Amino acid sequence: MIDIKAFREDPTRFRDGAAAKGMHVEFDRLTALDEQRRKLLSEIETKRAEQNRISKEIGPQMGKIKGQLKSAQGADRERLEAELAELEARPVKLKNEIAVSERMLNDIEPEWQAILLTVPQPPAHDVPRGAGSEDNVQMRTWNPKGFDASKPFAAQRGFAPKTHLELVRDLKLADFERGVKMSGTRHYVLTGMGMRLHQAVLRYAFDFMTQENGFSATGVPVIVKEECMVGTGFFPAGREQAYHIAESARGSGHDLYLTGTGEVGLMGLHADEILPLDALPLRYTTVSTCFRREAGAAGKDTAGLYRIHQFDKVEQVVVCEADDAQSRDWHKKMIGFVETILQRFELPYRLLQCCTGDLGVKNEDMIDIECWMPGRGDDGPDGRPTGAYGETHSASRLADYQCRRLNLRYRDGDGKIRHAFALNNTVLASPRILIPLLEIHQQADGSVRIPDVLRPHMGGLDRIG
RNA sequence: GGACAGGUGGCCGAGCGGCUGAAGGCGUCGGUUUGCUAAACCGAUAUACGGGAUUUCCCCGUAUCGCGGGUUCGAAUCCCGCCCUGUCCGCCA
């Protein structure tokens, strides 16, 4: 959420930001509602102050009269009753006026709030302007020894690569038919060495973050209340993307949602808290199952392990002081962690600076990491795919947007309370990462070599098949 | 799932219709005393929103005692609904 005061002072900044992101927001309506709201609030508060004053004044008088009334008779009694009625009537007009204003406030406040939640974080000044992913800017590429993603696979390795679908089928690593039988499209079953490899990469990534980088190992809920989804910025925009558990329809409790990333649980941890300065930066990592409806992605990446409804992900989250330099510094570090893993896995990848049009509502800067997947991309003359980069990681800087929604604050060196800055980045998502892993490390004989660092997690095996 | 009990400030805990943004204690911070530490003593110690100003932290107002609604001139205090926690019973991965 943006700071409404900042919006009042400089609405242009937010209008331009939304335009750069290609998002429509009812700014005019927001401004109008905000003005109305403030006016009503001010009215109500003034009247209520008056009402409180009167109450305080007449309270003791009324007590006294009521006391006298007990023993009063005849004309005396009538006089006292009249006095009492007069006192009681004094705040009635105010009370009615307040009720009217409050009703008006209650009418506009939900809409004011709803629009406010849709205003996106403006992009950072140095994020390239663009309409969508086609305008993202490649920053750099990395290739493992003996392989160059810019050249055809077969020319370098001496055989035509199989796609991960073929490898998975031949090596019996996954069973899509039975996955679909049980749960429908975009579901799968990991089998045998497929499941073991899945567990190995997750465990490797998780240990890497905790043991080598000092992140706190955390297990968080993947079933959360709506306020967690709103607080982390996934709702309202991403409502269609989340599985909804309609508990309220059963007559009790509140509805719940399945999280699409461990970020929700990790960021929700400290919602509504004021942290001491020395608690920062928070560095959390979790491994969690992620659920995504993939609404609107019909027909896209329908086969295989690329776009699925349920997967596991090691996520990293940092909450630091409200300082742009710190945020940028952590962003680089968090991307560096991913690069280290990919390099140890010997997977070719590239970094993309996402343009304004490819950013989400909540981030001001995003860098995607894409691994080279020989089985992706357009078909060549032989009718086989020629390979392409595919997104495996995404590193965002959110400034204070998320912490403001979550009401996550800290006390700075001057004792001032501020909303913290947040960042998040994938450490590793599987089974998607298995696609480049299998495809890049496949051998001429149809087996798949296991990178050195993963062998301890695979019972010492050096290959599959 | 059933039966009780209960949800008050950073924490413990009092209050059960106006004098209570809230006693007392602990903690924290500042100060005095002290050779140092400790102790003792003194003082301070919520947040949000709105308005104002001599706009860096000063004043005024409003709200907040789990959440929402109601009664009342006035609610932490009474009533209703919900959520949550504890204890016991049942069930169970």
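Worth saying up front: this structure is predicted, and the values here are computed from it rather than measured. A, B, ... follow the sequence lines: proteins, then strands. Residue 1 opens every chain.
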Undergrad: Check the side chains of Thr191(A) and Asp175(A) for a donor-acceptor pair under 3.5 angstrom, ignoring hydrogens and angles.
TA: no
Undergrad: Between Lys416(A) and Asp412(A), is there a side-chain N and carboxylate O pair less than 4.0 Å apart?
TA: no
Undergrad: Among U47(B), C49(B), G74(B), find the nucleotide with the atom closest to the side chain of Gln51(A).
TA: G74(B)
Undergrad: In whole Å, what separates the P atom of G90(B) from that of A3(B)?
TA: 16 Å
Undergrad: Before accepting this row, confirm whether a basic side-chain N of the pair Arg15(A)/Asp28(A) lies closer than 4.0 Å to the acidic partner's carboxylate O.
TA: yes
Undergrad: Pairs under 3.5 angstrom, nitrogen or oxygen only, protein versus nucleotides 61-67 of chain B, please.
TA:
residue: G61(B); atom: N2; partner: Glu45(A); partner atom: OE1; Å: 2.9
residue: G61(B); atom: N2; partner: Glu45(A); partner atom: OE2; Å: 3.4
residue: U62(B); atom: OP1; partner: Asn52(A); partner atom: ND2; Å: 3.4

Undergrad: Dump every N/O contact between nucleotides 7-10 of chain B and the protein below 3.5 Å, one line per pair.
TA:
none

Undergrad: List the residues meeting side-chain hydrogen bond (donor to acceptor under 3.5 Å, both in side chains) with Glu212(A), not counting sequence neighbours, and say none if there are none.
TA: Arg344(A)
Undergrad: Once the angle between the rings of His187(A) and His309(A) is folded into 0 to 90°, is it parallel (under 30°), tilted (30 to 60°) or perpendicular (over 60°)?
TA: tilted
Undergrad: In whole Å, measure the gap between the P atoms of G50(B) and A44(B) for me.
TA: 30 Å
Undergrad: Can we call the ring centroids of Phe291(A) and Tyr257(A) under 6.0 Å apart?
TA: no
Undergrad: More than 12 heavy atoms of other residues, nucleotides or ligands under 6.0 Å from CZ of Arg455(A): is that the case?
TA: yes
Undergrad: What are the atom names and distances for every N/O pair under 3.5 Å that joins the protein to nucleotides 51-53 of chain B?
TA:
residue: G51(B); atom: OP1; partner: Arg38(A); partner atom: NH1; Å: 2.9

Undergrad: Assign each of Asp34(A) and Lys95(A) to its nearest nucleotide of RNA chain B by heavy atoms, then name whichever residue's nucleotide is nearer the 5' end.
TA: Asp34(A)
Undergrad: Can you pull the salt bridge (Lys or Arg N to Asp or Glu O under 4.0 Å) pairs that have at least one residue in residues 96-110 of chain A, sequence neighbours excluded?
TA: Arg37(A)-Glu109(A), Lys47(A)-Glu97(A), Arg48(A)-Glu102(A), Lys93(A)-Glu97(A)
Undergrad: With rounding to whole Å, what would you report as the distance between A93(B) and G21(B) at their C1' atoms?
TA: 47 Å
Undergrad: Would you measure the distance from the P atom in A46(B) across to the matching atom in C11(B) and give it in whole Å?
TA: 14 Å
Undergrad: Determine the contact category for Lys39(A): base if any of its heavy atoms lies under 4.0 Å from a base atom, sugar-phosphate if only primed atoms, P, OP1 or OP2 are that close, otherwise nothing.
TA: nothing
Undergrad: With nearest nucleotides of RNA chain B determined for Lys5(A) and Ile274(A) from heavy-atom distances, which residue corresponds to the more 5′ nucleotide?
TA: Ile274(A)
Undergrad: Can you tell me which stems involve RNA chain B, if a stem is defined as three or more consecutive Watson-Crick or G-U wobble pairs, both distances under 3.5 Å?
TA: B:1-7 with B:83-89, B:10-12 with B:24-26, B:27-32 with B:40-45, B:46-52 with B:58-64, B:66-70 with B:78-82
Undergrad: Which distance, rounded to the nearest 0.5 Å, do you find between the OG1 of Thr340(A) and the CD1 of Ile335(A)?
TA: 12.0 Å
Undergrad: Sort out for me which residue in Glu315(A), His393(A), Gln316(A) forms a side-chain contact (heavy atoms from CB on, under 4.5 Å) with Val427(A).
TA: Gln316(A)
Undergrad: Quote, to the nearest angstrom, the C1' distance that separates C16(B) from U28(B).
TA: 31 Å
Undergrad: I'd like to know whether CD1 of Ile223(A) has more than 12 heavy-atom contacts from other residues, nucleotides or ligands below 6.0 angstrom.
TA: no
Undergrad: Rounding to an integer number of angstrom, what distance separates U47(B) and A22(B) when you compare their C1' atoms?
TA: 15 Å
Undergrad: Roughly how far apart, to the nearest Å, are A53(B) and C65(B) at atom P?
TA: 32 Å
